[in-house]
Enquirer: 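Next up is a structure, given as structure tokens.
Chain identifiers are assigned alphabetically (A, B, ...) following the order of the sequence lines, protein sequences preceding nucleic acid strands; residue numbering begins at 1 within each chain.
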Number of protein chains: 2
Amino acid sequence: MTLSEEDYIKAIYHLGKGENTTVSTNAVAEKMDTKPSSVTDMVKKLSEKGVANYKPYKGVSLTEYGQKIALALVRKHRLWEVFLVEKLDFSWDEVHEVAEQLEHIKSEKLVDQLDKHLGFPQVDPHGDPIPSKNGEFKKAVKRLLNDVPIGTSGICVGVKDSSVPFLKFLDKNKIALGDSILVMDKEEFDESLHIKIKENDIHISNQIASNLYLKITE
Amino acid sequence: MTLSEEDYIKAIYHLGKGENTTVSTNAVAEKMDTKPSSVTDMVKKLSEKGVANYKPYKGVSLTEYGQKIALALVRKHRLWEVFLVEKLDFSWDEVHEVAEQLEHIKSEKLVDQLDKHLGFPQVDPHGDPIPSKNGEFKKAVKRLLNDVPIGTSGICVGVKDSSVPFLKFLDKNKIALGDSILVMDKEEFDESLHIKIKENDIHISNQIASNLYLKITE
DNA sequence: ACATATTTTTAGCTTTGTCTAAATATTTTT
DNA sequence: AAAAATATTTAGACAAAGCTAAAAATATGT
């Protein structure tokens, strides 16, 4: 497999969790499923191009220019994910691989028009925020469902308890990853939560809620 | 510039005009803006892979398998062009470059869903037919507007007379490349044509019509 | 049909991204 | 603080796609 400069930039960006952290050659290699020596080579080149800061043995980080490129890639990736889910009926978990390809298409007009076509969405189907054209965005916050205040809305992105009985319970109650959730009320009396999930009103126990992760949208 | 196998397949396909004609190494090189020696190398590889038939000094053609690949690329290219024009408000002449990139995205589901999303279009914005999923399609026919029978519809794709006065005339009468045209009636008396062009009814002289090329849709 | 012109291929070199194995730095352990 | 373990880089080789220049095959003109 032959990787592009953009792939390296993305890997460095994501390993740094969006902050401009310095990451190790090995970490990049592992993430990209390649060898550390290949990373060293590429990172030298990125450094020459003014995309990354690289000090031998000390790791690598993105320059401001490199971060801009990374943000533009994230923006494209997430917009395409929205497109695939909203317009082409892809499911939550099918989009990543295709978006991974689409994000490399080069056309500023394409991205801007796509954004418009989708109604300027704020988050992707996984609840992650979409950077604006000039690279601004708030970081996604992930919380357990029973830890957020009334009125919070977000997207169900994971479970703490992944035992079979719990997953079966979720299935039976039509709760799935990718569903959007709004916390409507909290009932102290029986320790339960009143939520709206994908247009349905349901009640769930705090017990259940404390095993569901929510990526907060608003 | 580094070209992909798919680019070579497309070039061979288009030079052969969709028929399975044998084309010369030089022709491919010229079309792709590369050197004949590079073409020889790649064509050998395509031959080994069962995509092309190649006899040294005798030119190259596509195998059935190669044609399938070519048709799939054409299908993708044209569907994306429709998408760009219909959904993202690209103009007729801006789509090619972007579609050239998009056609290389690999996902069968993506293409099928895109086709559905667009309402299974039969032709692209240039009036060229879109192959079906299994590679069937009728070749586009290009005619002068005054040579087609009443009832013919198609897309305006070119001019015979490209003088400035003629182009100005077209502009003034809101006739542009990419417009869809339906021939409604012919008037022998004053040698004119009654056409519907982009929802507008207009009359034009045979003189004018004999300088406009139509790609026939139906 | 022969000489000339053109086309196409071959041989060898370049570049880019990758890999392995050895060498060098850095970090951790004792 | 020295030894051992780990991380990182360097050196050298490989594969893919491309190019130039020379050689070989085919086509053309008289």
Side-chain angles (χ1 to χ4, degrees), chain A residues 1-17 20-63 66 69-70 73 100-101 103-104 106, chain B residues 1-17 20-63 66 69-70 73 100-101 103-104 106:
Chain A
M1 184 50 173
T2 174
L3 303 157
S4 68
E5 283 180 18
E6 287 188 344
D7 292 324
Y8 280 91
I9 293 171
K10 264 183 47 187
I12 296 167
Y13 177 84
H14 282 123
L15 284 170
K17 302 200 190 78
N20 196 14
T21 318
T22 291
V23 299
S24 80
T25 306
N26 255 15
V28 176
E30 189 157 339
K31 172 136 197 162
M32 303 185 72
D33 200 31
T34 186
K35 302 293 166 199
S37 54
S38 306
V39 176
T40 302
D41 288 347
M42 179 58 89
V43 139
K44 277 180 188 165
K45 208 173 81 181
L46 292 180
S47 190
E48 272 164 25
K49 288 202 177 180
V51 171
N53 303 114
Y54 168 62
K55 284 269 161 64
Y57 296 105
K58 297 303 180 191
V60 63
S61 62
L62 294 178
T63 61
I69 298 173
L73 284 168
E100 201 77 5
Q101 298 179 62
E103 74 190 1
H104 294 296
K106 277 162 193 55
Chain B
M1 184 50 172
T2 175
L3 303 156
S4 67
E5 283 181 19
E6 287 187 346
D7 292 323
Y8 281 91
I9 293 172
K10 264 182 48 186
I12 296 167
Y13 176 84
H14 282 123
L15 283 171
K17 301 200 191 77
N20 197 14
T21 320
T22 291
V23 299
S24 81
T25 307
N26 256 17
V28 176
E30 189 158 339
K31 170 136 196 163
M32 303 186 73
D33 200 32
T34 186
K35 302 294 168 200
S37 53
S38 305
V39 176
T40 303
D41 287 348
M42 178 58 90
V43 139
K44 277 181 187 165
K45 208 172 79 179
L46 292 179
S47 190
E48 272 165 24
K49 288 200 178 184
V51 170
N53 303 116
Y54 167 64
K55 283 271 161 62
Y57 296 103
K58 297 301 180 190
V60 63
S61 62
L62 295 176
T63 62
I69 297 174
L73 285 168
E100 201 77 4
Q101 298 180 61
E103 75 190 3
H104 294 296
K106 276 162 194 54

Enquirer: NE2/His14(B) to NZ/Lys31(B) distance, rounded to the nearest 0.5 angstrom?
Expert: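 Reported to 0.5 Å precision, the distance equals 6.5 Å.
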Enquirer: Using atom CG of Asp33(A) as one end and atom C1' of dG17(C) as the other, report the distance to the nearest whole Å.
Expert: 15 Å
Enquirer: Roughly, in whole Å, what's the span from NZ in Lys58(B) to C1' in dA25(D)?
Expert: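 Nearest whole value for this atom pair: 9 Å.
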Enquirer: Separation of Tyr57(B) atom OH from dT26(D) atom P, in whole Å?
Expert: 7 Å
Enquirer: From the options dT9(C), dC19(D), dT18(C), select the nucleotide whose nearest atom is closest to the side chain of Asp41(B).
Expert: dC19(D)
Enquirer: In Å, rounded to the nearest 0.5 Å, how long is the span from CG of Leu46(B) to OH of Tyr54(B)?
Expert: 11.5 Å
Enquirer: Tell me whether the side-chain N/O atoms of Lys45(A) come closer than 4.0 Å to OP1 or OP2 in dG17(C).
Expert: yes
Enquirer: With a 4.0 Å cut-off on heavy atoms, is Thr25(A) in touch with a base, just the backbone sugar-phosphate, or nothing at all?
Expert: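 Sugar-phosphate contact only.
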Enquirer: Searching all strands shown, indicate the nucleotide that pairs with dT30(C) (Watson-Crick or G-U wobble; both distances under 3.5 Å).
Expert: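 dA1(D) - that is the nucleotide pairing with dT30(C), both distances being under 3.5 Å.
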Enquirer: Just to confirm, is there a sub-4.0 Å distance from OP1 or OP2 of dT8(C) to any side-chain nitrogen or oxygen of Tyr54(B)?
Expert: no
Enquirer: When rounded to the nearest 0.5 angstrom, what is the spacing between CD1 in Ile12(B) and OG1 in Thr21(B)?
Expert: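 Rounded to the nearest 0.5 Å, the CD1-OG1 separation comes to 12.0 Å.
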Enquirer: Is there a side-chain contact between Tyr8(A) and the phosphate of dT18(C), meaning an N or O under 4.0 Å from OP1 or OP2?
Expert: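 Affirmative; the distance criterion is met.
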Enquirer: To the nearest Å, how far apart are Glu6(A) CD and dT16(C) C1'?
Expert: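 Distance, rounded to whole Å: 17 Å.
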Enquirer: Any idea which of dA21(D), dT9(D), dT8(C) is nearest the Ser37(B) side chain?
Expert: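 Of the options given, the side chain of Ser37(B) lies nearest dA21(D).
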Enquirer: Looking only at side-chain N and O atoms, does Thr40(B) come under 4.0 Å of OP1 or OP2 in dT8(C)?
Expert: no
Enquirer: Does atom CD of Glu30(B) have more than 12 heavy-atom neighbours, drawn from other residues, nucleotides or ligands, at distances under 6.0 Å?
Expert: no
Enquirer: Measure from NZ on Lys35(A) to P on dA21(C) and round the result to the nearest Å.
Expert: 11 Å
Enquirer: Below the 4.0 Å mark, does dT8(D) have OP1 or OP2 next to a side-chain nitrogen or oxygen of Lys55(A)?
Expert: no
Enquirer: How many whole angstroms separate atom CE of Met42(A) from atom C1' of dC19(C)?
Expert: 14 Å
Enquirer: State which of dC19(D), dC19(C), dT8(D) makes the closest approach to the side chain of Thr34(B).
Expert: dC19(D)
Enquirer: Asn26(B) has an atom CG; how far is it from atom P of dT6(C), in whole Å?
Expert: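 Whole-Å distance recorded here is 12 Å.
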Enquirer: Rounding to an integer number of Å, can you tell me how far Glu30(B) CD sits from dT8(C) C1'?
Expert: 15 Å
Enquirer: I want to verify a distance call: between dG18(D), dT26(C), dC19(C), whose nearest atom is closest to the Leu3(B) side chain?
Expert: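 Nearest nucleotide to the side chain: dG18(D).
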Enquirer: Test Glu5(A) against every option in Lys45(A), Lys44(A), Lys10(A) by the salt bridge (charged side-chain N to carboxylate O under 4.0 Å, His left out) rule and name the one that passes.
Expert: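 Of Lys45(A), Lys44(A), Lys10(A), salt bridge (charged side-chain N to carboxylate O under 4.0 Å, His left out) with Glu5(A) is met by Lys45(A) alone.
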Enquirer: Give one of base, sugar-phosphate or nothing for Pro36(A), where a contact means two heavy atoms less than 4.0 Å apart.
Expert: base
